[in-house]
Amino acid sequence: MNAPLYIHNTLSRKKELFEPLNPPFTGLYVCGPTVYGDAHLGHARPAVTFDLVYRYLKHLGYKVRYVRNITDVGHLENDADEGEDKIAKKARLERLEPMEVVQYYTDRYHEDMDQLNVLKPSIEPRASGHIIEQIEMVKAILDAGLAYEVNGSVYFDVQKYNEKYQYGKLSGRAVEDMQAGSRELDGQGEKRHPADFALWKKAAPQHIMRWPSPWGEGFPGWHLECSAMSAKYLGDQFDIHGGGMDLLFPHHECEIAQSNATYGKEAVRYWMHNNMITIHGQKMGKSLGNFITLREFFDGSHHSLDRAYDPMTIRFFILQAHYRSTLDFSNEALDAAEKGLKRLLQAHDTLKKLHPSDTSDADHGDLAEKCHAALLDDFNSPVAIAHLFDTVKTINAAKDGKAKLNKADLQRLQEVFNTFVDEIFGLRDTLSRPEDTGQKTIYGLMDLILELRQEARKNKDWDTADKLRDRLKEVNIAIKDGKDGATWEYANN
RNA sequence: GGUCUCGUGGCCGAGGGGCUAGGCAGAGGUCUGCAAAACCUCCUACAGCGGUUCGAAUCCGCUCGAGACCUCCA
């Protein structure tokens, strides 16, 4: 916690020294998914990015309250006046109760996140469970004179707000410029200004998600939930707010406006935005229809995938790029990530079994320092991983007897790998050891087979030795002969 | 059209005025019954054109190219 952490703040577009409001406590709010479909690769990016932030802050000694919401109401399909709630639409199409849709996809989202070894947030609030808080917030904004009611709907008065505050400061826009872009939209009739946005919408008769309010039956506006729920659980001022870059405008801009209007002060101190995942250089997104769901990655069922990819490969793939850079997906890139990850994890495993030498022929004391320096510099995971790879060479050389590591160095490296690979990067060794129920049996059988094969080799019975290896290869088990006997692992191809 | 990013070796990706990240692929070698793995060596790039500077991939300008946001989107 004493180590100086620098975070790139979208507000200033600079790296700033992280100074929490109430150390050792710190609050982190991240925009979670709208649960009307399965999570795709793009959803994995913020999940993994802010999982790293969460894990690292905890490692630094902060008491982190991590809030990540589930959006289960309020995101409209199209324009405000003719739009339909995404979840309501899905429910109507599938003839389900809206909350059935929400439950189904929330459960699946959780399963996917577990697969990626993403830690659960401290609180995972749902928008539908905070209608009262949102209504209270609308009232407060009305009281502040920064919103107006029209026909049972309430809109935020951006122009009036802009007299005292600065709307557009986060995304670098000016209110005057926004008219041009909004010109083409229809149904702006109720709004005084094109940039105004809904805080509360009157529900049309056929609308199936609706709640009573002082303005009639309706539902909360698109951006209100995050303002209301972050304030409820983290206070009207908190440290870090994260989310995808595509939420910068209008979502986060509106959040800032709502909080200022309600509390008269800036709610968020550090805004963090992860960049997009691209496919063939183009953003992977729902609206473009070019997304691949995480489940499709895990079972290889999508047509543009050559094969299935382990969740840890996806996680490592994301961690190998800096969170503020775009990351281009391709089968080749994932293949490369998988091989690299395997090398890293095998070295991690080797490290645990290595026998210490009397001396060391190099100093490895600064590895932890280097890795920390990388992460303290705006969570630069790829650089930290590069440092780990440098050490992988040493570890493998030591295994081959070509390098020496004494007890102290060995212990230090083990600690660094435990800390960074396991604890901070959350990389589980599922590649070489799937969590089978029959795992023990398999290990026992393999011990026996290797023993028999070793005898055959001793007797120079190569036919038997090769037969065992070839037949095991057919069931995706690879044998590797080394100096100190043979080892085996699951082969992917 | 407006606002803003980015263009790095065969591929993915860091870095960001002098100290040539890392991964994957490729070539050669060591080891080995064979194979695989591992290790060693090699492959030294920053879109183009100007400018600033003793020195630029890194700063500035222009050109070309790609992308994001301006409507829901992680």
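These figures come from a predicted structure and were not determined experimentally. A note on names: the letters A, B, ... follow the listed sequences, proteins ahead of strands, and every chain is numbered from 1.
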Report all side-chain donor-acceptor pairs from residues 388-401 of chain A shorter than 3.5 Å, counting only partners two or more places apart or in another chain.
{"unit_1": "A:Thr391", "atom_1": "OG1", "unit_2": "A:His387", "atom_2": "O", "d": "3.3"}
{"unit_1": "A:Asn396", "atom_1": "ND2", "unit_2": "A:Val392", "atom_2": "O", "d": "3.4"}

>> Take N1-N3 plus N6-O4 or O6-N4 for Watson-Crick, N1-O2 plus O6-N3 for G-U, both under 3.5 Å. Which runs of 3 or more such pairs involve RNA chain B?
In response: B:1-7 with B:64-70, B:10-12 with B:22-24, B:26-30 with B:38-42, B:47-51 with B:59-63

>> By the 4.0 Å heavy-atom rule, please label A:Ser171 as base, sugar-phosphate, or nothing.
In response: sugar-phosphate

> What residues form a side-chain hydrogen bond (donor to acceptor under 3.5 Å, both in side chains) with A:Glu111, not counting sequence neighbours?
Replying inline: A:Arg295

> What pairs with A:Gln414 under side-chain hydrogen bond (donor to acceptor under 3.5 Å, both in side chains), at least two apart in sequence or on another chain?
Replying inline: none

> Who are the ring pair (Phe, Tyr, Trp, His ring centres under 6.0 Å) partners of A:Phe249, not counting sequence neighbours?
Replying inline: none

> Once each nucleotide of nucleotides 33-45 of chain B is scored for protein heavy atoms under 4.0 Å, what B/S/- sequence comes out, 5' to 3'?
Replying inline: BBBBSBS------

> Within the structure shown, what part of the strands sits under 4.0 Å from A:Gly42 by heavy-atom distance: base, sugar-phosphate, or nothing?
Replying inline: base

> For the pair made of CG in A:Leu11 and P in B:U3, what is the distance, rounded to whole Å?
Replying inline: 20 Å

> For A:Tyr309, which residues count as a ring pair (Phe, Tyr, Trp, His ring centres under 6.0 Å) partner, sequence neighbours excluded?
Replying inline: none

>> Going by the rule ring pair (Phe, Tyr, Trp, His ring centres under 6.0 Å), which residues pair with A:Tyr109 if we only count those two or more places apart in sequence or in a different chain?
In response: none

>> Going by the rule ring pair (Phe, Tyr, Trp, His ring centres under 6.0 Å), which residues pair with A:Phe417 if we only count those two or more places apart in sequence or in a different chain?
In response: A:His348

> What is the distance from CD1 of A:Ile318 to P of B:G23, rounded to the nearest Å?
Replying inline: 21 Å

> Looking across every strand, which nucleic acid part, if any, lies under 4.0 Å from A:Met245 by heavy atom: base, sugar-phosphate, or nothing?
Replying inline: nothing

> Between B:G23, B:C24, B:C70, which one does the side chain of A:Pro250 approach most closely?
Replying inline: B:C70

> Nucleotide by nucleotide, 5' to 3', does protein get under 4.0 Å of the base (B), only the sugar-phosphate (S), or neither (-) in nucleotides 10-19 of chain B, counting heavy atoms?
Replying inline: --SSSS----

> In whole angstrom, what separates A:Asp196's CG from B:C70's C1'?
Replying inline: 16 Å

Distance-only criterion, 3.5 Å: show the donor-acceptor pairs between side-chain atoms of residues 277-291 of chain A and protein atoms not counting sequence neighbours.
{"unit_1": "A:Thr278", "atom_1": "OG1", "unit_2": "A:Leu327", "atom_2": "O", "d": "3.4"}
{"unit_1": "A:Thr278", "atom_1": "OG1", "unit_2": "A:Asp328", "atom_2": "OD1", "d": "2.6"}
{"unit_1": "A:Lys283", "atom_1": "NZ", "unit_2": "A:Asp246", "atom_2": "OD2", "d": "3.4"}
{"unit_1": "A:Asn290", "atom_1": "OD1", "unit_2": "A:Gly285", "atom_2": "N", "d": "2.9"}
{"unit_1": "A:Asn290", "atom_1": "ND2", "unit_2": "A:Lys283", "atom_2": "O", "d": "2.8"}

> Can you list the residues that meet the side-chain hydrogen bond (donor to acceptor under 3.5 Å, both in side chains) rule with A:Thr10, with sequence neighbours excluded?
Replying inline: A:His273

